[in-house]
Amino acid sequence: MSVQSAIKRKTAPDIRARKNGEPIVMLTSYHAHTAALVDRHCDVILVGDSLGNVMHGLETTVPVTLDMMILQGRAVMRGSKHALVVVDMPFGSYEASKEQAFHSAVRILKETHCGAVKLEGGVRMAETVAFLSERGVPVMGHIGLTPQSINTLGSFRAQGRDAGSWDPILNDAKAISDAGAFSVVVEAVAEPLARKITETIAIPTIGIGASAACDGQVLVLEDMLGLSPRTPKFVRRYGELGPAIEAAVKGYADDVRSRAFPGPEHVYDMKKS
Ligand code: KIV
C-alpha cells in the first residue's frame, strides 16, 4: 500500500451518511496553508467561488473562471489530508447543458483530485445533477440565495421570510435531493423554512445564514476570522485577524524606518543560542 492510500480522506458518501447525525463542519479555504489548519477540525473544505470576492476583491462571483477554481483546488488538496474537498463550479461552466457541466466537472476532478463539486440552482439544475451523479461525479447542491444569479436577483437578500414564498425553495431542495446530490448548501433562508427543508429531504443540509436547524454549517473562513472588508450580518466572528495583521505590518514598517531591523549578526546569534 502506498503512503498516500494509507491516508483516509472523507468521501461524499461519508457526508451523505451524516443526515440527522453529528453536525457537519465545513469551512472555505483557497490556499494550501489555511487548508492544513482547517483540515484538522473540519469534515468538508469548500474551495468556494467566493475566492473571487475574498482573494481578488471582485464585487461578485460572476467573473470567476474554471481555471481560477482549479488552481486553488489543487492548492487546497496539497494542504489537506482528511477533509472532503469540494470545489465550486463557477458561473458559466455548467448552466448551458448537462454535457457542458460534465466536461467542467471532469476537469475539476481530474486536475485537482478533489472529491466533489458544488453547483448553484434547484429545480432548473436537477437534470444536470442527476446526469453528473449517475456518471461518477459527486454533487453538492446550493439553493436559497444563489450568489452567481446576482444579476437576475438584483440583491443579496434572505429568502423565504414569509411562508407564502416557501414553495419554490422547498421544491428546489426536493429536486436536488431526488436528483442524487449527496448534500445541499442552504443559503440565507429563514429558520422555519430551513427546518422544514431539513426535515423533508433525505440528504444533509448545510446552512449558511440559515439557522442551526440544518445538518451542518459552512462559513467563509476570512469572514469568521475578521479578514473580509464586508461580512454578512449573520456571520459570527471567531477571530479578529485584520487588526492583528495590521499591527504586525505596522511593527515591521516602524522597525525598517527606524533602522531597528535585525541584521545578519542578530540572525547568526539566534542560531547559536
Ligand atoms: O463560494 C462560497 O464560499 C460558497 C459558500 C458561501 C457556501 O458557496
Side-chain angles (χ1 to χ4, degrees), residues 15 23-31 34-35 38 42-66 68-73 75-76 80 83-95 104-105 108 112 114 116-122 125 129 138-150 153 155-159 169 172-173 176 181-189 194 197 203-211 214-225 227-236 238:
I15 300 305
I24 297 159
V25 186
M26 175 161 137
L27 273 175
T28 62
S29 167
Y30 324 116
H31 333 90
T34 55
V38 168
C42 290
D43 303 299
V44 184
I45 303 178
L46 173 66
V47 186
D49 62 354
S50 53
L51 65 79
N53 314 105
V54 175
M55 289 181 70
H56 297 276
L58 293 166
E59 282 296 312
T60 74
T61 54
V62 171
V64 173
T65 66
L66 197 51
M68 287 162 82
M69 296 311 303
I70 289 172
L71 190 65
Q72 303 321 134
V76 168
S80 61
L84 171 67
V85 174
V86 179
V87 175
D88 253 342
M89 300 188 70
F91 179 68
S93 72
Y94 62 95
E95 301 90 333
S104 300
I108 293 175
T112 70
C114 73
V117 298
K118 175 166 84 58
L119 56 78
E120 295 184 7
M125 292 313 303
V129 171
V139 181
M140 178 180 278
H142 185 152
I143 60 158
L145 176 67
T146 48
Q148 291 176 9
S149 304
I150 181 65
L153 292 174
S155 69
F156 296 112
R157 255 204 323 264
Q159 312 284 300
I169 305 170
D172 280 344
I176 290 301
F182 70 93
S183 61
V184 61
V185 167
V186 180
E187 178 161 357
V189 159
I197 292 171
I203 58 174
T205 54
I206 302 180
I208 174 160
S211 83
C214 298
D215 296 297
Q217 297 293 327
V218 57
L219 283 178
V220 171
L221 182 67
E222 282 77 356
D223 288 354
M224 61 88 109
L225 292 179
L227 265 178
S228 302
R230 274 176 302 156
T231 3
K233 278 205 201 107
F234 61 79
V235 174
R236 185 185 291 176
Y238 290 84

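Every number for a ligand or one of its atoms is a count from 1 in the order of the listing. Just so it is clear, the structure is predicted and the values come from calculations on it, not from any experiment.
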Among all the protein's non-hydrogen atoms, which is closest to atom 7 (C) of ligand 1, and how far away is it?
Leu46 CD2, 3.8 Å
So for Asp88 against ligand 1, with non-hydrogen atoms under 4.0 Å, the contacting part is side chain
Output the list of atoms in ligand 1 that are nearer than 4.0 Å to some heavy atom of Gly48, sorted by atom number.
1 (O), 2 (C), 3 (O)
Which heavy atom of Ile143 sits nearest a heavy atom of Ala173, and at what distance?
CD1-CB, 3.5 Å
Contact partition for Val220 relative to ligand 1, non-hydrogen atoms under 4.0 Å:
side chain
re atom 6 (C) of ligand 1, the protein heavy-atom contact at minimum distance is Ile208 CD1, 3.6 Å
With a 3.5 Å distance limit and no angle check, can you tell me whether Ser104 reaches the backbone of Ser93 through a side-chain donor-acceptor pair?
yes
Protein heavy-atom partner closest to atom 8 (O) of ligand 1 - residue, atom, separation in Å:
Lys118 NZ, 2.9 Å
Please report the closest heavy-atom contact between Phe234 and Leu219, naming both atoms and the distance.
CE1-CD2, 4.2 Å
Thr112 side chain vs Ile70 backbone, donor-acceptor pair below 3.5 Å:
no
Which atoms form the tightest heavy-atom contact between Asp223 and Pro232, and what is the distance?
OD2-CD, 3.7 Å
Restricting to non-hydrogen atoms, name the atom on Arg236 and the atom on Met224 that form the minimum distance, rounded to 0.1 Å.
O-CB, 3.7 Å
Option from Leu71, Ile45, Val220 for which side-chain contact (heavy atoms from CB on, under 4.5 Å) with Tyr30 holds
Val220
Element-labelled atoms of ligand 1 that are located less than 4.0 Å from some non-hydrogen atom of Thr28:
3 (O)
Where ligand 1 meets His142 - atom numbers and elements under 4.0 angstrom, heavy-atom basis
8 (O)
Return the residue, atom name and 0.1 Å-rounded distance of the protein heavy atom closest to atom 2 (C) of ligand 1.
Ser50 OG, 3.3 Å
